[in-house]
Amino acid sequence: MDKKVRVRFAPSPTGPLHIGGVRTALYNYLFARQHGGDMLLRIEDTDSARFVPGAEEYIVEALNWLGIEIDEGIGVDAEGPHAPYRQSERKEIYKKYVNQLLDAGLAYYAFDTPQELDIMRGKVANFQYDASTRMEMQNSLSLSKSEVEERLTSGEKYVVRIKIEPNEDIVVNDLIRGEVIINSSILDDKVLYKSVDELPTYHLANVVDDYLMEITHVIRGEEWLPSSPLHVILYKYLGWEKEMPQFAHLPLLLKPDGNGKLSKRDGDRLGFPVFPLDWEDATTGTISKGYREAGYFPEAVINFLALLGWNNGTDQEMFTMQELIEQFSLERVSKSGAKFDYEKGKWFNHHYLQLKSNEEIADIFQHILVQKDIFEDFNKLTKIVGLVKERANFITDLWEQSSYFFVAPESYDEKTVKKRWKEDTPQEMTELATLLKGLDDFSAVNTEPIVKQWITDNSYNMGGVLNVFRLALVGAPKGVHLFDIAEIIGKEETLRRLNLAIERLSEE
RNA sequence: GGCCGAUUCGUCUAUCGGUUAGGACGCCAGAUUUUCAUUCUGGAAAGAGGGGUUCGAUUCCCCUAUCGGCUACCA
């Protein structure tokens with residue numbers, strides 16, 4: 001019987017969660033759910049220098065908003081069978097395995113300072129700390145036993161490096177890319193542990209934790225592919241070869257224009273969010289926009305992200321989370337990076353907006369209106385939403401599409417005025433006002449035929465009259481069906497706007 | 001520079017040796033409409049290049065090119 005599937009999302013709390021990270025989390029989640037397995041959230045804060053307060057909370061909130069549920073670890077409960085889930089709180093655990101490697105002669109102490117290493121890198125082209133150079137460096141392999149002892153006891157800062165045996169082909173079996181073979185000679189003796197903060201580096205920490213937490217599948221970004229042979233070696237050195245998880249390296253999310261990894265700056269430059277939620281940088285105070293605050297529905301973001309690198313082989317484009325869980329497969333994840341197509345993201349949101357009920361949308365839209373000091377009757381609002389929602393991509397677009405329902409025009413579109421406002425217009429509009437004034441039933445089904453009949457009877461120009469009427473009500477050549485507008489704003493307001501337009505536009 | 005990975009319309013992608021290379025976003029045109037938008041219909045638009053293998057390559061192999069990732073006491 002196979003082991004229960006267990007995957008983890010392991011971001012480092014160095015800032016807001018990047019949208020690419022969100023996709024990684026999503027794929028992990030889909031995979032776990034599909035196999036009835038567990039999804040863990042682990043915080044990789046082994047770099048004390050890059051720790052950013054609030055980042056962890058942000059990550060939890062973002063996943064929560066998106067409906068990516070965590071079964072174990074951070075954000076669920078402090079305990080859990082493999083607690084703690086914050087690597088900075090697992091120091092003792094790593095220490096034990098560092099010592100194990102040291103004792104077995106598979107790792108060694110190194111005392112070279114960062115400055116000394118920089119000098120070496122400057123001096124020797126393509127310098128690499130490995131079998132070919134390690135004997136020239138300051139470490140427990142090159143130094144005498146007593147000197148090492150002395151340096152250690154004197155409290156000199158050191159680092160523990162893995163001892164890589166050269167000239168071995170390391171095979172990484174990737175679920176997406178197949179076998180990737182890398183020769184160990186190109187690997188350097190990576191730092192596993194640093195005494196400065198008594199913390200391991202990512203490489204050791206992630207292997208130890210994945211083993212201890214019984215992770216069966218490591219699904220992560222492609223940027224980890226080059227270091228995965230190192231991880232394979234680590235599993236071997238630690239004696240966990242049999243328990244080694246399977247790897248799947250996801251293609252990267254690329255900039256919409258040009259090349260390279262999608263970054264925060266692309267969002268600022270091109271005007272779209274690259275983060276799930278708004279994020280305020282504590283030191284600079286600058287705010288990075290998030291999808292939530294930009295008006296996206298979580299299901300739209302999920303759907304959009306899911307398809308950036310995966311498809312089910314058919315023409316289907318709309319997927320609920322449940323369908324994604326059922327249909328997702330690593331085999332169908334593409335190998336090449338995907339450029340981030342923000343326009344398509346908008347289209348997804350438009351689609352999901354149309355799926356919402358008018359009441360649901362009106363409920364949210366109401367909050368936007370209140371901020372503008374507009375308090376509209378909910379039933380009326382629901383009606384308005386039904387009329388304009390198909391024109392919107394976001395609920396926030398609704399205001400632009402419907403403001404004329406709430407406020408009378410302050411100015412009139414010049415081009416339309418020039419084109420439509422003729423010598424006879426004031427007279428026609430006055431007649432129209434009189435006609436409307438006499439109507440009791442102001443519903444569109446009643447007013448429309450009457451007004452049109454009046455136009456015909458007087459041999460007026462249909463388009464001319466109606467467009468000026470629209471101009472009076474809306475102020476611009478836009479908007480929903482004219483008589484619907486009149487119905488909703490009501491007889492009184494319709495007449496008021498009509499007279500206002502006659503007054504203002506006749507002056508000129 | 002070295003290593004690894006990738007390469008189908010502008011973009012996301014389908015195709016698992018034989019297709020008029022399909023769909024979607026975006027774009028353009030037409031229809032509908034009192035306006036704008038929506039909607040509908042139609043259109044333009046792709047296998048990086050070169051060698052093989054094969055009766056036949058977008059598909060398999062090799063080379064080149066291009067792009068990307070990694071190359072930290074960062075993840």
Side-chain angles (χ1 to χ4, degrees), chain A residues 10-14 21 44-47 49-50 110 112-114 117-118 121 125-129 157-161 172 174 176-177 180-183 185-188 190-197 199-203 205-206 220-229 249 251-252 254 256-261 304 307-318 332 334-348 350 354 388-392 401 413 416 420 448 451-452 455 461-471 474 476-483:
Chain A
S12 66
T14 52
E44 312 234 329
D45 53 351
T46 52
D47 185 357
R50 292 209 309 160
D112 318 271
T113 65
L117 288 170
D118 276 347
R121 291 191 188 103
N126 297 327
F127 170 77
Q128 184 167 290
Y129 209 121
K157 292 288 176 245
Y158 66 89
V159 89
V160 174
R161 288 180 180 273
V172 178
D174 188 280
I176 295 172
R177 290 150 212 283
V180 177
I181 300 167
I182 292 156
N183 192 280
S185 294
I186 65 124
L187 263 25
D188 59 345
K190 273 270 174 311
V191 170
L192 258 23
Y193 180 87
K194 48 223 155 85
S195 67
V196 232
D197 50 11
L199 246 21
T201 59
Y202 169 83
H203 304 292
N206 107 86
R220 71 219 316 187
E222 190 185 347
E223 68 267 29
W224 293 110
L225 193 51
S227 59
S228 54
H249 289 96
L252 264 17
L254 274 19
D257 60 342
N259 302 301
K261 236 195 317 191
F304 172 47
L307 255 36
L308 233 39
W310 174 86
N311 71 84
N312 74 348
T314 73
D315 288 340
Q316 183 180 354
E317 297 222 72
M318 306 310 302
R332 290 203 64 87
S334 55
K335 298 181 179 69
S336 50
K339 282 191 183 176
F340 196 77
D341 183 4
Y342 186 61
E343 287 302 321
K344 194 145 186 179
K346 285 201 254 187
W347 175 77
F348 272 108
H350 177 263
Q354 308 317 310
V388 302
K389 73 171 174 184
E390 68 183 13
R391 298 159 175 262
Q401 297 296 339
D413 181 67
T416 314
R420 303 289 189 186
E448 181 167 0
V451 170
K452 283 186 173 171
I455 292 171
N461 179 286
M462 184 73 75
V465 173
L466 292 178
N467 277 303
V468 177
F469 187 17
R470 174 179 296 279
L471 188 68
V474 179
K478 65 168 195 182
V480 302
H481 189 64
L482 186 53
F483 294 93

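All of these numbers come straight from a predicted model, not from anything done at the bench. Naming: A, B, ... by sequence-line order, numbering from 1 per chain.
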**Student:** Any Lys/Arg nitrogen of Asp47(A) or Arg50(A) sitting under 4.0 Å from an Asp/Glu carboxylate oxygen of the other?
**Tutor:**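 Answer for the salt bridge query: yes.
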**Student:** Which part of the nucleic acid, if any, lies within contact of Gly313(A), taking any heavy atom under 4.0 Å across all strands shown: a base, the sugar-phosphate backbone alone, or nothing?
**Tutor:**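 Sugar-phosphate contact only - Gly313(A) comes under 4.0 Å of backbone atoms but never of a base.
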**Student:** Does Lys261(A) make a side-chain N or O approach to OP1 or OP2 of C70(B) shorter than 4.0 Å?
**Tutor:**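 True: Lys261(A) side-chain N/O within range (under 4.0 Å) of C70(B) OP1/OP2.
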**Student:** Considering only heavy atoms from C-beta outward, does the side chain of Ile455(A) approach that of Leu466(A) to under 4.5 Å?
**Tutor:**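 Yes, their side chains come closer than 4.5 Å.
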**Student:** Have a look at His481(A) and say if it touches a base, only the backbone sugar-phosphate, or nothing, with a 4.0 Å heavy-atom cut-off.
**Tutor:**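 Base: the residue His481(A), judged by heavy atoms under 4.0 Å, touches a nucleobase.
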**Student:** Please give the nucleotide sitting opposite A46(B) as a Watson-Crick or G-U wobble pair, both distances under 3.5 Å, or none.
**Tutor:** none
**Student:** Please classify the nucleic acid contact of Gly309(A) as base, sugar-phosphate, or nothing, using heavy-atom distances under 4.0 Å.
**Tutor:**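 Touches sugar-phosphate only.
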**Student:** So which nucleotide does C40(B) pair with, by the Watson-Crick or G-U wobble rule with both distances under 3.5 Å?
**Tutor:**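 Pairing partner, where one exists within any strand: G30(B).
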**Student:** Here's a test of your reading of the structure: between Arg332(A) and Arg420(A), which maps to the more 5' nucleotide of RNA chain B?
**Tutor:**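 Its nucleotide being nearer the 5' end, the pick is Arg332(A).
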**Student:** As an exercise, state the distance from NE2 of His249(A) to NZ of Lys335(A), rounded to the nearest 0.5 Å.
**Tutor:**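 With rounding to 0.5 Å, NE2 (His249(A)) is 14.5 Å from NZ (Lys335(A)).
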**Student:** Would you say Asn311(A) reaches A14(B)'s phosphate, i.e. side-chain N/O to OP1/OP2 under 4.0 Å?
**Tutor:** yes
**Student:** U34(B), A75(B), U71(B): which one has an atom nearest the side-chain heavy atoms of Thr201(A)?
**Tutor:** A75(B)
**Student:** Looking for any heavy atom pair under 4.0 Å, which part of the strands does Val465(A) touch: base, sugar-phosphate only, or nothing?
**Tutor:**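 Nothing: the residue Val465(A), judged by heavy atoms under 4.0 Å, touches no strand.
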**Student:** Leu482(A) near the nucleic acid: base, sugar-phosphate alone, or nothing, with a heavy-atom cut-off under 4.0 Å?
**Tutor:** base
**Student:** What do you reckon, are the aromatic ring centroids of Tyr342(A) and Phe304(A) less than 6.0 Å apart?
**Tutor:** no
**Student:** Figure out the CG/P separation between Asp257(A) and C12(B), and round it to whole Å.
**Tutor:**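 Going from Asp257(A) (CG) to C12(B) (P), I get 12 Å.
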**Student:** At 4.0 Å (heavy atoms only), tell me whether Arg470(A) reaches a base, stays on the sugar-phosphate, or touches nothing.
**Tutor:**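 The answer is base, as Arg470(A) lies within the cut-off (heavy atoms under 4.0 Å) of a base atom.
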**Student:** By the 4.0 Å heavy-atom rule, please label Glu390(A) as base, sugar-phosphate, or nothing.
**Tutor:** base
**Student:** Is there a Watson-Crick or G-U wobble partner for C3(B) with both distances under 3.5 Å, and if so, which one is it?
**Tutor:**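 The base-pairing partner of C3(B), which may sit in any strand shown, is G69(B).
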**Student:** With sugar-phosphate meaning primed atoms plus P, OP1 and OP2, does Thr46(A) contact a base, only sugar-phosphate, or nothing at under 4.0 Å between heavy atoms?
**Tutor:** sugar-phosphate
**Student:** Which nucleotide in the set C36(B), U34(B), C73(B) lies at the smallest distance from any side-chain heavy atom of Arg391(A)?
**Tutor:** C36(B)
**Student:** By nearest heavy atom, map Trp310(A) and Thr14(A) onto RNA chain B; which one lands nearer the 5' end?
**Tutor:**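 In this pair, the answer is Trp310(A).
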**Student:** NA contact type, Lys157(A), heavy-atom cut-off 4.0 Å: base, sugar-phosphate, or nothing?
**Tutor:**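 The answer is nothing, as Lys157(A) stays clear of every strand by at least 4.0 Å.
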**Student:** Whether Arg161(A) contacts C73(B) is assessed here as follows: a side-chain N or O lying under 4.0 Å from the phosphate OP1 or OP2. Is that the case?
**Tutor:**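 Indeed, a polar side-chain atom of Arg161(A) lies that close.
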**Student:** Which is true for Asp112(A) with a 4.0 Å heavy-atom rule: it touches a base, it touches only sugar-phosphate, or it touches nothing?
**Tutor:** base
**Student:** NZ of Lys335(A) versus P of U59(B): gap in Å, rounded?
**Tutor:**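 Atom NZ in Lys335(A) sits about 14 Å away from atom P in U59(B).
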**Student:** Does the A24(B) base have a donor-acceptor partner in the side chain of Lys344(A) within less than 3.5 Å?
**Tutor:** yes
**Student:** Give a yes/no answer on whether the side chain of Ser334(A) brings an N or O atom under 4.0 Å of OP1 or OP2 in U13(B).
**Tutor:** yes
**Student:** Less than 4.0 angstrom from a charged side-chain N to a carboxylate O is my criterion; do Lys261(A) and Glu222(A) meet it?
**Tutor:**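 No salt bridge links Lys261(A) with Glu222(A).
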**Student:** Whole Å only: how far is the CG atom of Asp188(A) from the C1' atom of G1(B)?
**Tutor:** 16 Å
**Student:** Quick check on U38(B): is either OP1 or OP2 less than 4.0 Å from any side-chain nitrogen or oxygen of Lys389(A)?
**Tutor:**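 Negative; the distance criterion is not met.
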**Student:** With heavy atoms under 4.0 Å as the rule, sort Val191(A) into base, sugar-phosphate or nothing.
**Tutor:**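 Touches sugar-phosphate only.
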**Student:** Do Arg332(A) and Asn312(A) pair up side chain to side chain, a donor and an acceptor below 3.5 Å, judged on atom types alone?
**Tutor:**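 The criterion, which ignores hydrogens and geometry beyond distance, is not satisfied for Asn312(A) and Arg332(A).
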**Student:** Can you tell me the pairing partner of U20(B) across any strand shown, Watson-Crick or G-U wobble, with both distances under 3.5 angstrom?
**Tutor:**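 Because no pair has both required distances under 3.5 Å, U20(B) counts as unpaired.
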**Student:** Applying a 3.5 Å limit to both distances, which nucleotide forms a Watson-Crick or G-U wobble pair with U15(B)?
**Tutor:** none
